[in-house]
Amino acid sequence: FVEWLNVATEIVLQLQLQTIPHFTTLQKAAARISQGILHVAIGRFIGIISTGKIFAGADATGFENRHAAPYYTYRCNLRHAFTKMSAGSDMKSQLICAVVIQHHPVSHDIKHFSKLFSQMKNVTTMQIMVLDKGYDAEPIHKMIRDENVISMIPVRNRGCLISRTKGRYRKLMRREFDETLYHERNKTETIFSVIKRRFDSEIKSYDNTMKTKELLYRVLAYNCHRMCMISLVYVMISRKPSEGNVYVADRLNHRIQKFDGTGNHMLTFGEQGRIDGLFDWPSKVSVDSTNNVYVADSYNSRIQKFDTN
């Protein structure tokens, strides 16, 4: 990173650095920053992108500890501790909102969900929470539903009669389960894949405290990376050559804007919602030969058509 700063002069100017610090200075600074500050920094990203209720999802993944060889661990009869990270994310922007990190030989995901869910409540407001089958437990359903959030968790043994399913909320889930909404959970796997491919799946730290901080820094770096990607692709532009007008699908603000050929604003319509005329993350906009406007309304799973009025 320090070598990169030597050539990235624009970044140095933006950071207002008088001199480029030694790498040991950065290491000491990283060790001194508290975990609380890192958690707050991670949670601030979602507030920039979404001011309303989010489509939330959560899952957990493990990371490798490579400071001790597996053969050495086996021969010395050491109990191998695994580092597991549970993350709650927004399925639309794929930003991570909250993180819980544990260091245990064996630890089920359900044990850490209450802490993760509490962190997410403090950061943002949720509309739907999608989880995999490993979280299928009556207390988990109740915890989510008590906060007026829709839980979308596949129930085990879905082949049996609903009357044989134990638990009030698990029976309700059998009746209301939406396969389309649940498939959005796959984006949690995408998030973990990006973190491991771009920032490595191995943990270099020895101490558990530093292992936790190392993963928090990786999540922070991932959110920064994701924000850069969103800022580049959050609008879809369609131009009508005969009129010279430009239509912009503003995903983050759930609206369509119209400009003339010189860039002057002419019209804005739409806001977040599910009824006709409203949008939820509009991804594309197109205009036909008769000036009808077509909008791909992504998270409402539909295409809406508008006339020139």
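- Here the shortest heavy-atom pairing between L116 and A58 reads CD2-CB, 3.9 Å.
- Residues satisfying the salt bridge (charged side-chain N to carboxylate O under 4.0 Å, His left out) test with K187, not counting sequence neighbours, are E184.
- Between D280 and K92, at least one side-chain N (NZ, or NE/NH1/NH2) sits under 4.0 Å from a carboxylate O, which counts as a salt bridge.
- Taking a cutoff of 4.0 Å between a charged side-chain nitrogen and a carboxylate oxygen, K305 and D288 do not qualify as a salt bridge.
- For the atom pair CZ of F113 and CE of M120, the computed distance is 8.0 Å after rounding to the nearest 0.5 Å.
- A 6.0 Å sphere centred on CZ of R168 holds no more than 12 heavy atoms belonging to other residues, nucleotides or ligands.
- The minimum heavy-atom distance linking F117 with I144 is given by the pair CZ-CA, 3.9 Å.
- With sequence neighbours left out, the ring pair (Phe, Tyr, Trp, His ring centres under 6.0 Å) criterion links F269 to F306.
- The aromatic ring centroids of F177 and Y182 lie less than 6.0 Å from each other.
- Under the rule for a salt bridge (charged side-chain N to carboxylate O under 4.0 Å, His left out), K171 has no partner lying at least two apart in sequence or in another chain.
- Expressed to the nearest 0.5 Å, how far CE of M152 lies from CG of D178 amounts to 5.5 Å.
- Around the CG atom of L17, the shell of radius 6.0 Å holds more than 12 heavy atoms that belong to other residues, nucleotides or ligands.
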In sequence, state the C-alpha distance, the side-chain angles, and the governing distance for H183 and E179, and then conclude on side-chain contact (heavy atoms from CB on, under 4.5 Å).
CA-CA 6 Å; H183 284 163; E179 198 78 30; 3.3 Å; yes
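- When the options V295, V287, L267 are evaluated for a side chain to side chain contact (heavy atoms under 4.5 Å, CB included) with Y247, the one that passes is V287.
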